[in-house]
Amino acid sequence: MNPGAWVLPMILGLPLLGALFAMCTPRGEHALSRGIGIATSTLTFVVSLFALSYFDKTQAGYQMVTDASWIPGLGVRFKTGVDGITLWLVLLTTFLTPVTLLAATRTIEKHVREFVAAMLVLETGMLGAFVAVDAFLFYVMWEVMLIPMYLLIGIWGGQRRIYASIKFVIYTMVGSLLMLVAIFYVYVSYADVTGVYTTDLEKLQTLVLPHKAQVWCFAAFALAFCIKIPLFPFHTWLPDAHVEAPTPGSVILAGVLLKLGIFGLLRWAMPLFPYGASVLAPYIAILAVIGIVYGALVAYAQDDVKKLVAYSSVSHLGFCALGVFALTPAGIEGSIYAMLSHGLTTGGLFLGIGVLYERRHTRRLAEYGGIWKQMPIFSALYLIIVMGSAGLPGLSGFIGEFLSIFGTFNAGDTFPDGYPNYLPHPRILGGLAATGVILGAVYLLFMFQKVFFGPLDKARNGALPDLSVREQVVFIPIVVLIFVMGVFPRPFLKRMEPSVNAFLGAYHAKLAEGDGPSRLVSDEFGGRARMAIERIRRGGSSAPLGTEPGTPSAPGAAVPPAPTAQPVPRGLP
Amino acid sequence: MLMNIGYGHFLVLAALLFAIGTAGVLLRKNVLIIMMSIELMLNAANLTILTFARMHGDLGGHSFAMVVIAVAAAEVAVGLAIVVAIFRGRRHVDVDKMNILKH
Amino acid sequence: MTFNTGDLLYIAPFLVLAVSGMLLVLAEAFFTGKDRTALAGITVAGALASTVVSIVLYRHLGPTSSRLLFSEMLVADRTGYVLSGLFGVVAALAALLAPSHQRTHGWVVGEYYGILLLTASGMVLLAQAANLATVFLGVETMSIGVYVMTALRRRSRRGNEAAMKYFLMGAFATAFLLYGMALVYGAVGTTNLVQIQQRLVSGNLGLLTVGSFLMIAAFAFKVAAVPFHMWAPDAYEGAPTPVTAFMAAAVKAAAFAAMMRVFGQFMGGDKLPYGVIGWASPMVVLAALTITVGNIAAIRQDNIKRMLAYSSISHAGVLLVGLCAMGLGSASGKAAMVYYLIAYSLTTMGAFAVVSYVGSKDNERLDIEDWAGLASRHPAAALAMTVCLLSLGGMPPTGGFFAKFYVFKSAMEAQDQQLLWLTAIGVINSAISIFYYLRIVTAMYFKDARGEIATTRSAGLVFVMAACPLVILEMGLFPNWWLTL
C-alpha cells in the first residue's frame with residue numbers, strides 16, 4: 001500500500017547508529033572511526049537510491065510516507081515523506097556526506113571519532129529537516145543540525161574559529177526562534193478553528209490566516225530562512241563560517257545547509273502563508289538580486305580562495321531565491337536545479353581548495369600559479385567543476401540559472417494585486433541577475449587562471465603530488481554528475497514537475513481565499529487548485545524541459561509567458 | 001477623653017510596626033538590628049492575623065499565629081548561629097562590609 | 001474538628017522524609033569516624049523510599065480525584081505526588097553529590113544529610129498544602145533548612161557571607177509573605193485555600209489585591225525573580241556546590257509548587273476571579289523582567305556557578321510565564337509547569353554534578369577559563385555538561401526544549417494579549433541564553449587545556465552525571481509519558 005515506507009526512517013536512523021558506533025570506538029583508532037563513518041554514510045546513500053526507484057514521478061504529493069504517533073498529547077507526529085522537491089535534495093545530502101568523509105581522511109587528524117559522529121548526526125539532521133512533514137519534527141531537526149555544525153567549525157576550524165562558530169549559532173538561532181513563535185501561532189490558531197491540536201503540515205496547510213497575520217508569520221519564517229540561504233544583508237556569518245570551517249564543514253555547509261533556507265521557503269513559509277509571501281516576495285527578490293551582484297563583485301576582490309568561493313555562494317544562492325519568488329514553474333524548477341548544481345559544484349570547489357590547502361597550507365591566490373603543470377589530473381577535473389559553477393552550457397550550473405532567470409522574466413503577472421509599480425520590474429531584476437552570470441564566470445575563471453595557469457614561479461609549488469587514488473574517487477563522481485545534470489536535465493525536472501505545479505496550484509488557490517478571520521480553506525479550494533494547475537500545464541511553462549540543453553533561444557521563444565503565472569482571479573466562481 | 005479602640009486601630013498599629021520593621025531592614029547596617037527588625041515585621045503580621053481572627057470570629061487565625069511564633073523562633077536560632085559564625089571570622093557584623101562575593 | 005488517622009496514609013511521603021531526616025540527625029552523633037559516606041546511603045534510601053511512596057499513592061489516587069486531609073490543611077492529588085516524588089529524587093541526587101565533594105573540599109559535616117531530608121519534607125508539605133498556614137509552614141521548614149545547608153562550610157568566609165545574605169533576604173521575604181497572608185485572611189476570613197477560592201468574589205477587593213501582591217513579592221524572593229533576585233548569585237556562589245544544586249533545583253521547584261497551589265489553582269483557576277488586574281498583570285511584568293535581566297546578567301559572568309545562578313533566574317521567569325498561563329485559564333498550564341519543573345530540576349542537578357566533578361582540593365575550577373580543554377581530558381564529563389547546557393538553553397532534542405515549547409504553547413493557548421508578548425520575549429531570550437551557555441561549551445571543546453585537570457570522583461557523582469543527561473534526552477525525545485503525569 002505504501003511501498004518504500006521503510007526508506008526514510010532507515011536513512012534517518014542509519015547515520016545516527018553510525019555515530020553511536022563511531023563514538024564507541026577506542027580513542028586513537030582513527031582508521032576504524034573513519035571506516036565506520038564512510039561505511040554507514042555510503043550505506044545511507046545506497047538506501048536513498050531506493051527512494052529514487054520507489055518514487056512515482058506522476059504523483060505530486062508526499063510519497064513513502066511514514067506517519068507514526070510521537071507526542072499524541074500535543075498532536076505531534078513523526079511524519080516524513082518525500083515529494084519531487086525533496087527527493088533530489090535528499091539524494092544530494094546522502095551523496096555528499098560519504099564523499100566528504102572520504103575527502104576528510106587527511107584533513108581531519110585529531111578527534112577523528114568525534115568528527116565522524118558530528119558529521120553523521122549532521123546528516124541525520126539535514127535529512128530530517130528535508131523529509132519532515134510535521135512542524136515540530138522539522139523544527140527539532142532544524143536545530144539538531146546546528147550543534148554538529150557549530151562543533152565542526154569550532155573544533156576543527158582555523159584561527160578565528162570560536163568567533164565564527166558563535167556567530168553562526170547566534171545568527172541561526174535568532175532566526176529560527178522567531179520561526180518557532182510563528183509555528184506556535186499557526187499551531188494555536190489551527191486549534192482555535194478546529195479544536196484539534198496538530199503540527200502536521202498537510203493539516204496546517206488547510207488553515208487560512210488573516211492577511212495581517214500571514215505577513216507577520218511569513219516574515220518570521222522568511223527571516224529564519226533568509227539567514228540560512230543567506231540573503232544579503234543577512235549573509236555576514238557565511239564568509240566567516242566558511243573561512244574558518246575545515247574543508248568538510250565548508251562542503252556540507254555550502255552543499256546542503258544553505259539549501260535548507262530555500263527549501264524551507266518552498267515547503268513551509270509559502271504554502272502556509274501565501275498572502276504574506278505575495279506581499280514580501282518583491283522585496284526578497286530585490287535582496288536576492290542585490291546578493292547576486294554584490295556577492296559576485298566581492299568574490300572578485302578576494303585574495304583568499306575560500307572567501308572567494310564563499311561569496312560566490314552568496315551570489316549563486318541569490319539565483320535560487322530569485323527563482324522561488326518568481327512564482328513561476330520555470331523559476332521554481334530552476335531554483336531547485338540550481339540548488340542541486342550548486343551543491344555539487346561548490347562542494348567540489350571547496351574540496352579542491354582542501355586538496356590544495358593540504359599540500360601548500362595557504363589559501364592565498366597570490367601563493368599559487370602554474371599548478372596545471374604539476375597536477376594535471378586535478379587541474380582538469382577542477383576546470384570542469386569551475387565551469388559547472390560558472391554556468392557553462394552543457395554543464396549543470398547552466399540549466400538552473402537559466403531557468404530561474406527565465407522564470408523571473410515572466411514573473412510580471414504573478415502578484416495578486418498587480419506588481420507594485422514602485423519596485424523594479426521583474427524583467428529588470430532578471431536582467432540584473434543575468435549580469436550576475438557573467439560576473440560569476442569572470443571571477444571564477446580569474447581564480448582558475450591565477451591558480452592553475454601562469455608560470456610556476458613559486459618554489460614551494462614545485463613538488464606538489466597529483467591526486468591520489470582516494471582523491472580521484474572523491475572528485476570523479478562529482479564531475480560525472482555535473483556532466484549528467486548538464487546534459488540530461490529531463491529525468492531530474494520530470495520528477496520535480498508535478499510537485500512544483502501542485503505547489504503553485506495550491507498557492508494560487510489559497511491566495512484566492514482572500515482576507516478574513518482564521519478559518520480552513522473553503523470548498524472551492526480544491527477546484528481552484530486544479531484549475532490553476534491546469535493553466536500552468538496548458539501554459540506549457542515547463543517547455544524548456546523538452547528542448548536541448550545549450551540552446552537558450554528555443555525556450556524563450558516557445559513559451560507564451562502570460563498564462564503561465566496568471567493568478568487565479570479573486571472572485572472565481 | 002475616652003477613645004473607643006477598635007479593630008482599625010490594631011490594624012493601623014500593625015501596619016506601622018511593619019513599616020518600621022521594613023525601614024529598619026533597609027536602613028540599618030548591623031545584622032543583629034536587622035534581625036530584630038525582621039522580628040518586628042513578623043510580629044506586626046501576627047498582630048494583623050490575630051485582629052482579623054477576632055474580627056471574623058475564626059479560631060484558625062489564632063492557631064496560625066501560634067505556628068508563626070514557633071517558626072519565627074526557629075528562624076532566629078538559625079540566624080543567630082550564622083551571625084556567630086560570621087563574627088568568628090571577621091570580628092564585625094556589618095552588612096555593608098560583606099562584599100567578598102562579586103556583585 | 002476530628003483527627004482522621006486514615007489521612008496519615010496520604011502524607012506518607014512527608015512522614016518518610018521527616019522521620020528519616022530526624023533519625024539521620026540522631027544517627028550522626030554515633031558516627032565518630034571521618035567517613036560519613038554511610039549516612040549518604042541512608043539518605044538516598046530515605047529519599048527514594050519517599051519517592052516510591054509518592055508513586056504508590058499517585059497510582060492509588062484516580063487521575064482526577066483529590067482528597068482533602070486533616071481538616072482541609074493538606075490536599076492529596078496527583079500533581080502533588082508527582083512533585084513530591086520529584087523532590088525525593090532531587091534530594092537523593094543531592095545526597096549522592098555530597099560525600100566526595102565534602103571530602104575534597106574539607107567540609108565533612110554529617111548534619112548535611114539529616115537537614116537535607118528535613119528540608120525536602122518541607123517541600124513535600126508545600127506540594128500538598130491547602131491552607132495558607134501549611135504553605136507558610138512548608139516555606140519555612142524548607143528555607144530554614146537551606147539557610148543551614150548554605151552555611152555548612154563553617155570556615156569558608158564566602159560560605160558564611162552567602163548564608164548571611166541568603167538568611168537576611170529570606171527572612172525579610174518571609175515577613176512579607178506573612179503580612180500578605182494576613183491581609184488575604186482579613187479580606188476573606190479564612191486561611192483555607194478551598195474556601196478562599198469560593199470567597200474571592202465576595203471578599204474585600206483592596207485587601208485581597210494588596211495581600212496577594214505582597215505574597216507575590218515574597219514568592220518572587222524565594223524563586224529569585226527580578227527585582228527580588230539579588231541574593232541568588234551570592235548564595236549560589238558561596239554555598240557548597242551540592243547545596244547550590246539542591247537550592248537551584250529543588251528549592252525553586254518547591255516554591256513554584258506552592259505558587260501553583262496558591263495562585264494557579266486556588267486564587268486563579270479559570271481566569272482570575274477578582275479585581276480588574278488580578279495578580280496576572282504584575283506577574284507578567286515580573287516574568288518579562290526576570291527572563292530578560294537574568295539572561296543579560298548571565299552573559300557577563302565568568303564564574304560558572306554565578307552564571308548558572310543567573311540562568312536559573314531566567315528560568316524562573318519562564319516558569320512565571322507558565323504560572324500566568326495557568327492562572328488565566330490555559331488548559332495545559334499545569335501539565336506544562338510540572339513538565340518544566342521536572343526537566344529543569346534534573347538538568348540543573350546534572351549541570352552542578354559536573355561542576356562538582358571538575359575541581360580538586362584547593363582548586364574548585366569555577367571560572368569558565370578553568371574548563372578549557374575539558375573535552376579532550378574528560379570527554380564524558382564534557383558531553384554530560386553539554387547536554388545539560390543545551391537543555392538549559394532550550395535546544396532540541398532535550399527536555400529543556402520541550403519544556404519551553406510546552407510552556408509557551410500553554411501561554412499562547414490562554415488567548416491573552418500580554419501572554420503573546422511574553423512568549424515573544426521568552427523566545428527571543430532563548431536565543432540570547434544560547435550565547436552564554438555556549439561559552440562553556442566553547443571553553444570545553446574549542447580551547448586547549450593548560451595542564452592536567454584533576455577531578456573529584458565517586459560512584460554517586462558519576463551516576464548523577466550519567467543519569468541526568470540520559471533522562472533529559474529521554475524526556476525530550478519521548479515527552480508524551482511525562483505529559484500525562
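Convention: sequence-line order gives letters A, B, ...; per-chain numbering from 1. In what follows, every heavy atom counts, from backbone to side chain, and hydrogens, waters and symmetry copies are set aside.
Using a 4.5 Å cut-off between heavy atoms, A:I155 contacts chain C through both its backbone and its side chain. When heavy atoms are compared at a cutoff of 4.5 Å, C:L390 approaches chain A solely by way of its side chain, counted from C-beta outward. In this structure, no portion of A:I183 lies under 4.5 Å from any heavy atom of chain C. Of the atoms belonging to A:L180, it is side-chain heavy atoms, and not backbone ones, that fall under 4.5 Å from chain C. For chain A, the nearby parts of C:M412 are the backbone and the side chain; heavy atoms of each come within less than 4.5 Å. Contacts between A:Y185 and chain C at a heavy-atom distance below 4.5 Å involve backbone atoms as well as side-chain atoms. Proximity to chain C is limited to the side chain of A:S165, based on heavy atoms less than 4.5 angstrom apart. Contact of A:V169 with chain C is made through the side chain alone, with heavy-atom distances under 4.5 Å. In this structure, chain A has no heavy atom under 4.5 Å from any part of C:T484. Heavy atoms closer than 4.5 Å to chain A are found in the side chain of C:L483, but not in its backbone.
Judged purely by atom type and a 3.5 angstrom limit, A:Y187 uses its side chain to pair as donor or acceptor with the backbone of A:L74. A donor-acceptor contact shorter than 3.5 Å is absent between the side chain of C:R450 and the backbone of C:G373.
For residues 127-141 of chain A, a heavy-atom distance under 4.5 Å to chain C picks out A:F136, A:Y139, A:V140, given by residue number. Along residues 467-474 of chain C, no residue comes nearer than 4.5 angstrom to chain A, judged on non-hydrogen atoms.
Two rings, from C:Y339 and C:F402, have their centers less than 6.0 Å apart. Note: C:F405 and A:F184 meet the aromatic proximity criterion, with ring centroids under 6.0 Å apart. For C:Y340 and C:Y406, the ring centers sit 6.0 Å or farther from each other.
Screening C:L420, C:L422, C:D416 against C:Q418 for a side-chain contact (heavy atoms from CB on, under 4.5 Å) leaves a single residue, C:D416.
With a 6.0 Å radius and a threshold of 12 heavy atoms from other residues, nucleotides or ligands, A:Y197 has its OH atom above the threshold.
Remark: C:Y437 pairs with no residue by the ring-ring contact (aromatic ring centres under 6.0 Å, His included) rule, at least two apart or across chains. Residues satisfying the side chain to side chain donor-acceptor pair (under 3.5 Å) test with A:R77, not counting sequence neighbours, are A:D67.
Listed options C:V441, C:T386, C:T423 were ranked by heavy-atom pairs under 4.5 angstrom with chain A; first place goes to C:V441. Chosen from A:L151, A:T172, A:L178, the residue pairing most often with chain C at heavy-atom distances under 4.5 Å is A:L151.
Taking the side chain as every heavy atom from C-beta outward, C:Y58 and C:R78 approach each other to under 4.5 Å. Between A:K110 and A:W156 there is a side-chain heavy-atom pair separated by less than 4.5 Å. For the pair A:S189/A:L209, a side-chain contact is recorded, criterion being any heavy-atom separation below 4.5 Å from C-beta on.
Taking each heavy atom of C:A403 and C:A343 in turn, the nearest pair found is CB-CB, 4.2 Å.
Under the 3.5 Å distance criterion, with hydrogens and angles disregarded, a donor-acceptor pair is assigned to the side chains of C:T442 and A:Y150.
Remark: C:M337 CE to C:L323 CG distance equals 4.5 Å, nearest 0.5 Å.
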